[in-house]
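Here the structure is a predicted model, which means the values were calculated and not measured.
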Amino acid sequence: MFINEYVMNRKRYGKWATPKFWKLPIFYVYCFIFAAGVFGWIYFKKVDAPARWQTIGAFLTFVAVYRGIFFKWMHADKTFRLMRANYFDGKNWTCRVIVGEKNISLYINGKINNKVEWKDILRFEEAKSYYKLATDEYNEGVMLDKSCFTEGDSDSFRQWVIDNHPEIKYGPIAPMFDK
């Protein structure tokens, strides 16, 4: 029916697993913490307050930058490195997704890894460079790279899913993951 093959590397994993930090709702909270931290740091330095007050401003600034910008990316990087080290002998792995009439099969390095029934798919989401067949409310699902179809193509796949599975809600992926 449709076959999608790709090599899971750090760049692809990061694109699919790391949100755009400036599109997260909490980003503005971290912007406020950053501004308060910088203001406090400068203000307390200017009025010659004790060093502990200056340290609080610096701490707030660094926490806002770390949590607001780097944390999600670093978490995805660590997850990818651990998966690669623990399951794939430190190498990138090959994923092959076979989409059939009754189910979707995922093969990793030539071995069957998972079968997903169409009844388990809740949402069909489209990003700029990939499709996601979501199986729950979280970030779980089957991912297909639009440029890596070896049988069929991305446009015919999208149309086939829409026509053959009208029970699956179709729409764009969350803006923070639209890469």
Please work out whether the ring planes of F2 and F157 are parallel, tilted or perpendicular, with thresholds of 30° and 60°. perpendicular
Specify whether Y66 and F71 have parallel, tilted or perpendicular ring planes, treating 30° as the upper limit for parallel and 60° as the lower limit for perpendicular. perpendicular
Can you tell me how far the [atom1] atom of [X] sits from the [atom2] atom of [Y], to the nearest 0.5 Å?
{"X": "M176", "Y": "L24", "atom1": "CE", "atom2": "CG", "value": "5.5 Å"}
{"X": "N4", "Y": "E151", "atom1": "CG", "atom2": "CD", "value": "11.0 Å"}
{"X": "K45", "Y": "Q54", "atom1": "NZ", "atom2": "CD", "value": "5.0 Å"}
{"X": "N114", "Y": "L106", "atom1": "CG", "atom2": "CG", "value": "6.0 Å"}
{"X": "K146", "Y": "F149", "atom1": "NZ", "atom2": "CZ", "value": "9.5 Å"}
{"X": "C148", "Y": "D153", "atom1": "SG", "atom2": "CG", "value": "13.0 Å"}

For the residue pair [X] and [Y], what are the closest heavy atoms and their distance?
{"X": "Y28", "Y": "W22", "value": "OH-O, 4.3 Å"}
{"X": "W73", "Y": "R10", "value": "NE1-NH2, 3.3 Å"}
{"X": "G57", "Y": "T61", "value": "O-OG1, 2.9 Å"}
{"X": "D145", "Y": "S129", "value": "OD1-O, 3.4 Å"}
{"X": "T18", "Y": "A76", "value": "OG1-CB, 3.2 Å"}

If Ile, Leu, Val, Met, Phe, Trp and Tyr residues are connected whenever their side-chain heavy atoms lie under 4.5 Å apart, and connections chain through other members, are [X] and [Y] in the same group?
{"X": "I26", "Y": "I33", "result": "yes"}
{"X": "V38", "Y": "F32", "result": "no"}
{"X": "I56", "Y": "W41", "result": "no"}
{"X": "I3", "Y": "V142", "result": "no"}
{"X": "M83", "Y": "M74", "result": "no"}

Does one side chain, of D155 or Q159, offer a donor that lies under 3.5 Å from an acceptor on the other? no
Whether the N92 and R84 side chains hold a donor-acceptor pair (N or O, under 3.5 Å, no angle test) is what I'd like checked. yes
How about [X] and [Y]: do any of their side-chain heavy atoms sit closer than 4.5 Å?
{"X": "K179", "Y": "K20", "result": "yes"}
{"X": "Y107", "Y": "I98", "result": "yes"}
{"X": "Y13", "Y": "T79", "result": "yes"}
{"X": "M143", "Y": "Y6", "result": "yes"}
{"X": "M8", "Y": "W16", "result": "yes"}

Aromatic contact between W93 and F88, with the criterion being ring centroids under 6.0 Å apart: yes or no? yes
Would you please indicate yes or no on a ring centroid separation below 6.0 angstrom for F39 and Y43? yes
Give the intermediate values and the outcome of side chain to side chain contact (heavy atoms under 4.5 Å, CB included) for residues V65 and F34. CA-CA 7 Å; V65 169; F34 177 80; 3.7 Å; yes
Give a yes or no on whether D163 atom CG has more than 12 heavy-atom contacts from other residues, nucleotides or ligands under 6.0 Å away. yes
Just checking K115: does its NZ atom have more than 12 heavy atoms from other residues, nucleotides or ligands closer to it than 6.0 angstrom? no
Under 3.5 Å, side chain of [X] to main-chain N/O of [Y], donor-acceptor pair present?
{"X": "N109", "Y": "T94", "result": "yes"}
{"X": "W118", "Y": "I104", "result": "no"}
{"X": "R96", "Y": "I108", "result": "no"}

If you apply the rule side chain to side chain contact (heavy atoms under 4.5 Å, CB included), what do you find for L144 with L133, and how did you get there? CA-CA 8 Å; L144 297 109; L133 297 164; 3.8 Å; yes
Run the salt bridge (charged side-chain N to carboxylate O under 4.0 Å, His left out) test on K119 and E117 for me, step by step, so that the C-alpha distance in whole Å, both residues' side-chain angles and the decisive distance to 0.1 Å come before the verdict. CA-CA 5 Å; K119 64 179 174 59; E117 301 295 324; over 6 Å; no
Working for side chain to side chain contact (heavy atoms under 4.5 Å, CB included), residues L122 and I168: CA-CA 6 Å; L122 300 177; I168 299 174; over 6 Å; no
From CA spacing to verdict: side chain to side chain contact (heavy atoms under 4.5 Å, CB included), C95, E5: CA-CA 6 Å; C95 296; E5 293 185 55; over 6 Å; no
Pick one: which of F124, W160, Y170, F177 meets ring pair (Phe, Tyr, Trp, His ring centres under 6.0 Å) with Y131? F124
In terms of side-chain geometry, is the basic nitrogen of E126 or R158 positioned less than 4.0 Å from the acidic oxygen of its partner? yes
